[in-house]
Asks: 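My structure is below; once you've seen it, I'll send some questions.
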Amino acid sequence: MGDLILVTGASGFVGKWCVVKLLEKGYRVRGTIRSEAKAKQVHDTVASVVGDAAANLQLVRADILDDTGWAAAMKDVSAVMHVATVIRGDEPKDPNVVIKPAIEGTERVLRFAHQGGVRRVILTSSIATVGYGHGQTSGRKVYDETYFTNLENMRWPWAYCIGKTRAERAAWDYAKANGMELTTIHPGAIIGPALDDDASISVGMVSGLLDNSTPALPSNGFSIIDVRDVADMHVAALEHPESIGQRYLATAEYMPFPKVAEVVQELYPDRKIVQRTVPDWIIRLVAMFGGPARQIINDIGNEKIFDGSKGERLIGHPYISARDSIRDTAESVIRLGLKFSIS
């Protein structure tokens with residue numbers, strides 16, 4: 001019988017894939033969900049992929065904003081994958097709806113892990129904690145794991161970036177102070193096949209093109225990563241002791257949004273995929289008033305390239321290409337009837 005691994009946010013896009021990958025490798029998994037009403041759907045979805053191995057999945061209710069249930073969730077656990085977070089497609093009027101779960105939730109999970117005698121934690125972070133606040137306003141710049149976002153030097157901070165950056169800083173401080181073995185994983189824009197209708201907002205890059213709910217395209221690019229590679233990296237970090245104390249970028253390929261649209265058009269030539277772009281000056285103007293533009297304004301007019309080679313070495317196989325990931329995302333969007341416009 002394999003070790004018992006706790007996965008927070010097991011109903012989410014990345015969380016479900018982490019659960020699947022762990023079960024496929026013979027681990028037992030305890031997954032946290034915010035509502036018991038989701039338990040059957042999550043279990044059925046996972047079982048549709050792993051079959052009888054789903055018998056090794058236990059789902060428990062625990063909210064990252066509440067202490068209830070966390071002590072029990074940590075019982076007999078060998079390691080924690082803290083995946084749960086709040087992601088929104090817009091910039092909230094109250095940034096704390098995103099910042100508070102990131103910081104408080106991470107602190108809570110680490111605290112209860114420590115109290116429960118669990119030393120090993122793999123934390124899902126983001127490229128948002130890496131490539132911002134370094135003065136890049138134009139041109140191409142390559143970032144690796146040695147960079148840490150400087151919130152004090154950002155003209156346009158956004159809630160997700162603030163929350164994730166402060167949460168990661170706090171996690172490293174807590175781990176050092178309490179002798180915990182921490183690894184952080186930093187995905188770019190996560191796409192790939194959705195297993196059910198609880199998928200990432202990043203899937204909206206593809207679904208919004210397929211259903212024409214994205215009226216026009218920003219010029220900026222994304223560091224794309226497939227959700228299956230993200231999950232593989234979490235498992236690889238768990239299984240490789242040399243990952244302890246390390247940060248890993250999960251970033252396969254930089255692709256401008258108009259190029260994503262071109263790929264979708266090539267894959268679905270019978271569909272009319274929008275190719276119209278929004279001038280950068282309009283994005284900059286709109287970003288002054290908040291909204292979705294605030295989340296991409298720091299990427300307008302420049303190319304942030306995130307070097308994911310260290311993460312690729314960790315997982316031990318090449319990343320899934322952006323084109324293949326876009327294709328598999330589109331197929332799942334159509335099959336499941338998903339609608340996640342990013343406009």
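The analysis underlying the following values was restricted to heavy atoms, covering all of them including side chains, and did not include hydrogens, waters or symmetry mates.
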Asks: Are the side chain of E331 and the backbone of P193 linked by a donor-acceptor contact shorter than 3.5 Å?
Replies: no
Asks: Quick check for you: to the nearest 0.5 Å, what is the distance between D226 atom CG and D324 atom CG?
Replies: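 Between D226 CG and D324 CG, I get 9.0 Å after rounding to 0.5 Å.
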Asks: Please report the interatomic distance CG(L4) to CG(D76), rounded to the nearest 0.5 Å.
Replies: 7.0 Å
Asks: Is any side-chain N of the basic residue among D232 and K21 closer than 4.0 Å to the acidic one's carboxylate O?
Replies: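 Looking at D232 and K21, the cut-off is met.
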Asks: Examine distances only and state if a side-chain atom of W17 and a backbone atom of L195 form a donor-acceptor pair shorter than 3.5 Å.
Replies: no
Asks: Heavy-atom distance under 4.5 Å between the side chains of I127 and K304, does that happen here?
Replies: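 Of all side-chain heavy-atom pairs linking K304 with I127, none is under 4.5 Å.
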Asks: T183 and side chain to side chain contact (heavy atoms under 4.5 Å, CB included): which single residue from M81, R120, E242 fits?
Replies: R120
Asks: Which word best sums up how the rings of F222 and F257 line up, parallel for under 30°, tilted for 30 to 60°, or perpendicular for over 60°?
Replies: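 Ring orientation of F222 relative to F257: perpendicular.
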Asks: Could you check whether any side-chain heavy atom of L151 comes within less than 4.5 Å of a side-chain heavy atom of T149, counting everything from C-beta outward?
Replies: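 A side-chain contact exists here, since the closest heavy-atom pair is under 4.5 Å.
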Asks: Could you check whether any side-chain heavy atom of I185 comes within less than 4.5 Å of a side-chain heavy atom of S125, counting everything from C-beta outward?
Replies: no
Asks: Could you measure the distance from the OG1 atom of T251 to the NZ atom of K310? Nearest 0.5 Å is fine.
Replies: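 Rounded to the nearest 0.5 Å, the OG1-NZ separation comes out at 12.0 Å.
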Asks: Without swapping roles, check the side chain of T165 against the backbone of I162 for a donor-acceptor pair under 3.5 Å.
Replies: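 No; zero donor-acceptor contacts below 3.5 Å.
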Asks: Enter the distance from L123:CG to H82:NE2 here, rounded to the nearest 0.5 Å.
Replies: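 The distance works out to 6.0 Å.
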Asks: Give a yes or no on this: more than 12 heavy atoms of other residues, nucleotides or ligands lie within 6.0 Å of atom CG of D52.
Replies: no
Asks: Taking the side chain from Y254 and the backbone from G221, do they hold a donor-acceptor pair closer than 3.5 Å?
Replies: yes
Asks: Under a 3.5 Å distance rule, please check whether T214 uses its side chain to pair with a backbone N or O of A216 as donor and acceptor.
Replies: no
Asks: Would the distance check show the side chain of E145 and the main-chain N or O of L249 forming a donor-acceptor pair, the cut-off being under 3.5 Å?
Replies: yes
Asks: Any chance you could measure I201, atom CD1, to Y160, atom OH, to the nearest 0.5 Å?
Replies: 12.0 Å
Asks: When you check the gap from the basic side-chain N to the acidic O, do E253 and R323 get nearer than 4.0 Å?
Replies: no
Asks: To the nearest 0.5 Å, how far apart are CD1 in I273 and CG in N212?
Replies: 6.0 Å
Asks: Distance-only, no hydrogens or angles: does the H43 side chain make a donor-acceptor pair with backbone N or O of A39 under 3.5 Å?
Replies: no
Asks: Between R61 and E36, does any side-chain N to carboxylate O distance fall below 4.0 Å?
Replies: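 Looking at E36 together with R61, the answer is no, because their closest N to O distance does not fall below 4.0 Å.
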Asks: Mark yes or no for whether H134, through its side chain, and V130, through its backbone, hold a donor-acceptor pair below 3.5 Å.
Replies: yes
Asks: Is there side-chain contact between V264 and R327, with heavy atoms separated by less than 4.5 Å?
Replies: no
Asks: I'd like to know whether the aromatic ring centres of Y132 and W158 sit less than 6.0 Å apart in this structure.
Replies: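 Y132 vs W158: aromatic centres under 6.0 Å.
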Asks: Among V80, L6, L110, find the one that has a side chain to side chain contact (heavy atoms under 4.5 Å, CB included) with V118.
Replies: V80
Asks: Check for me, please, whether V19 and M74 land in the same ILVMFWY cluster - side-chain distances under 4.5 Å, paths through other members count.
Replies: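 Different hydrophobic clusters.
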Asks: Under 4.0 Å between a Lys/Arg side-chain N and an Asp/Glu carboxylate O for E168 and K164?
Replies: no
Asks: Can you tell me if D66 uses its side chain to pair, donor with acceptor, with the backbone of T68 under 3.5 Å?
Replies: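 Indeed, once roles are kept as given, a pair shorter than 3.5 Å links the two residues.
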Asks: Can you check whether D198's main-chain N or O pairs, donor with acceptor, with K16's side chain at less than 3.5 Å?
Replies: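 Yes.
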Asks: Consider only side-chain heavy atoms of I, L, V, M, F, W and Y, link residues closer than 4.5 Å, and tell whether Y147 and I305 are in one cluster.
Replies: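 No; tracing contacts between hydrophobic side chains, which count when under 4.5 Å, never links both residues.
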Asks: Can you tell me how the ring of H114 sits relative to the ring of Y174, calling it parallel under 30°, perpendicular over 60° and tilted otherwise?
Replies: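 Perpendicular, since the angle between the ring planes exceeds 60°.
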Asks: Is there a side-chain contact between R108 and D67 in this structure, where contact means two heavy atoms from C-beta onward sitting under 4.5 Å apart?
Replies: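 They are in side-chain contact.
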Asks: In plain terms, say whether R28 and D3 are close enough for a salt bridge, that is, a side-chain N and a carboxylate O under 4.0 Å apart.
Replies: no
Asks: Stepwise, does the side chain to side chain donor-acceptor pair (under 3.5 Å) test hold for H186 with S126?
Replies: CA-CA 4 Å; H186 300 257; S126 169; over 6 Å; no
